[in-house]
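Below is one structure; the comments refer to it alone.
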Amino acid sequence: MLLIGSRAIAYHFPEFREPRDWDLIGDDEDIARLDRALPRSERHAQRRDKVHYRLDGVSVEVANASVIPYWAMVSAAFASAPTIEAPVLGPLRIPPPGFLLLTKQCGLIYRVVHWHKNLEDLYFLRDRIPFIPEHVAALLPHTLDDSRRMFAEGHRRGARDAEPCHPAAPGPRDPRLHRELHERLRLGELAASLEPRAWDGFPERPAPSRRERMIDLFAEEGMVIAAERRLLSPAMEGDLHPEAELTRWALRVLITSSMPENLRYFGVNYYREIAARIPRGWMSAIRDLEHLRPACAGPGASGGLCDAEEAPR
């Protein structure tokens, strides 16, 4: 079987965080063997393409390469990878770190569980991997396709907390307020979203400045989404979400929005630069708009918003 996930990362980088679960790629034969050795988890739905076990109180997840062609391809690509011997599970092959980086990167444009933890894992790997070998890079388009297989349909159907002003997105809840916030929170003489073909990557600008202006665009949009959350959600007693918490939440919302994939991956790949571009104290620019925020009328008011409002995270 092939070992992926946090335990595989820790094999290459012992300073990585302590792994908790086992993430494996096996086939029908491997699953039949594990069925004889381990109990299946009662906390997970069991499917032919993915099976869950319990081992010493820890979850063991096995994706079935006999059912999923992508994992059969990956398993074959790393047939000669280094191997470790794990109790009960047997010999486990370890893919190269570049492939583990791809598995973290390609899911982050979707609303995956533990989004921020996965983002931190991605940057942990990027800081330690100088390049990705060609045989690993060749798997990138297939890894992208597999992420679409797993997440894209649910992503289209899922409810969204907020949306940017990209033309392909449903649009902000209050377009006039959205424009006003862009004007207040702009990082240049003109709000980045108002420049010609901003969401196309600023093709009318000189090439050297396009990436920096895209970072401005994402930073401004993140601040605007955070400000909208602050101003359009009913005020509750003790509702004092710190600026950093709102900003962190808004960047996740932006990257997992309805924008085209290439823009969302830009947000993933330049998250640190975007976050660093957002000035501390930006909320002072909207302080005089707090009167716009609706008050919570009590439990169950506003269609349940007051007692169901979820804190940004």
Side-chain angles (χ1 to χ4, degrees), residues 1-108 110-115 117-118 120-122 124-125 128-129 133 135-136 138-139 142-151 153-154:
M1 289 188 290
L2 192 71
L3 177 65
I4 59 173
S6 58
R7 289 184 186 269
I9 296 173
Y11 168 84
H12 292 289
F13 305 104
E15 71 273 24
F16 187 62
R17 60 179 173 81
E18 186 69 23
R20 290 187 294 177
D21 304 330
W22 294 86
D23 297 293
L24 307 173
I25 310 303
D27 56 21
D28 283 338
E29 184 177 334
D30 294 316
I31 290 171
R33 179 177 60 81
L34 290 178
D35 277 335
R36 296 190 294 269
L38 291 173
R40 291 204 178 191
S41 171
E42 297 179 355
R43 298 189 300 171
H44 297 86
Q46 305 292 342
R47 308 191 307 265
R48 172 111 197 278
D49 63 333
K50 186 171 289 186
V51 182
H52 296 84
Y53 299 95
R54 300 294 293 176
L55 173 61
D56 296 331
V58 171
S59 175
V60 178
E61 179 180 294
V62 185
N64 192 345
S66 297
V67 178
I68 305 173
Y70 168 71
W71 286 121
M73 176 194 307
V74 170
S75 188
F78 303 126
S80 59
T83 301
I84 62 170
E85 188 72 29
V88 182
L89 300 176
L92 302 175
R93 287 172 286 124
I94 313 291
F99 175 74
L100 301 171
L101 184 152
L102 295 185
T103 64
K104 293 291 182 181
Q105 181 182 39
C106 293
L108 282 168
Y110 305 103
R111 289 178 297 279
V112 296
V113 177
H114 307 306
W115 192 88
K117 183 185 77 172
N118 283 307
E120 291 168 6
D121 292 349
L122 169 66
F124 174 94
L125 290 167
R128 289 161 176 79
I129 299 174
H135 73 288
V136 175
L139 292 170
H142 306 288
T143 307
L144 292 171
D145 283 341
D146 191 63
S147 291
R148 293 186 194 104
R149 174 188 66 84
M150 291 189 291
F151 305 122
E153 184 57 33

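For this chain, numbers begin at 1 and follow the sequence in order.
- The shortest distance between side-chain heavy atoms of Leu24 and Leu89 falls below 4.5 Å.
- When every heavy atom of Val136 is checked against every heavy atom of Pro96, the shortest pair comes out as CG2-CG, 3.6 Å.
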Q: Dump the intermediate steps for side chain to side chain contact (heavy atoms under 4.5 Å, CB included) on Thr83 and Ile94, then the final yes or no.
A: CA-CA 6 Å; Thr83 301; Ile94 313 291; over 6 Å; no
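- Distance check, rounded to the nearest 0.5 Å: CZ of Arg93 to CD1 of Ile4 gives 12.0 Å.
- Residues Leu3 and Pro95 approach most closely at O-CD, 2.9 Å, considering heavy atoms.
- For the residue pair Ala65 and Ala72, the shortest heavy atom distance occurs at O-CB, 3.4 Å.
- Side-chain contact check for Arg43 versus Arg54: some heavy-atom pair is nearer than 4.5 Å.
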(Q) Applying side chain to side chain contact (heavy atoms under 4.5 Å, CB included) to Phe151 and Arg111, what does each step give before you reach the verdict? (A) CA-CA 8 Å; Phe151 305 122; Arg111 289 178 297 279; over 6 Å; no
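- Within 6.0 Å of CD in Glu29 there are 12 or fewer heavy atoms belonging to other residues, nucleotides or ligands.
- Expressed to the nearest 0.5 Å, how far OG of Ser59 lies from CZ of Arg20 amounts to 10.5 Å.
- Ring pair Phe99/Trp71 is perpendicular by interplanar angle, where above 60° counts as perpendicular and below 30° as parallel.
- When side chains are defined from C-beta on, Leu2 does not count as touching Leu92, because their heavy atoms never get closer than 4.5 Å.
- How far OH of Tyr11 is from OG of Ser6: 16.0 Å, rounded to the nearest 0.5 Å.
- Closest heavy-atom contact between Ile129 and Pro97: CD1-O, 3.5 Å.
- Within the 4.5 Å cutoff, no side-chain heavy atoms of Arg47 are placed close to those of Val67.
- Within a 6.0 Å radius of CD in Glu85, more than 12 heavy atoms belonging to other residues, nucleotides or ligands are found.
- Inter-residue side-chain proximity for Tyr70 and Thr143 is flagged as met; some heavy-atom pair is nearer than 4.5 Å.
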Q.
Applying side chain to side chain contact (heavy atoms under 4.5 Å, CB included) to Leu125 and Gln105, what does each step give before you reach the verdict?
A. CA-CA 10 Å; Leu125 290 167; Gln105 181 182 39; over 6 Å; no
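- Rounding to the nearest 0.5 angstrom, the gap separating the CG atom in Leu34 from the CG atom in Leu55 is 9.5 Å.
- Test Asp49, Asp28, Asp27 against Asn64 for side chain to side chain donor-acceptor pair (under 3.5 Å) and you get one pass: Asp28.
- Between Arg7 atom CZ and Phe16 atom CZ the span is 11.5 Å, to the nearest 0.5 Å.
- Between Arg40 and Asp35 there is a salt bridge, since a side-chain N of the basic residue sits under 4.0 Å from a carboxylate O of the acidic one.
- Checked by atom type and distance alone, the side chain of Gln46 never pairs as donor or acceptor with a backbone atom of Tyr53 at under 3.5 Å.
- The distance from the NZ atom of Lys50 to the CD1 atom of Ile68 is 7.0 Å, given to the nearest 0.5 Å.
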Q. Could you walk me through whether Leu100 and His12 pass the side chain to side chain contact (heavy atoms under 4.5 Å, CB included) check?
A. CA-CA 10 Å; Leu100 301 171; His12 292 289; 3.9 Å; yes
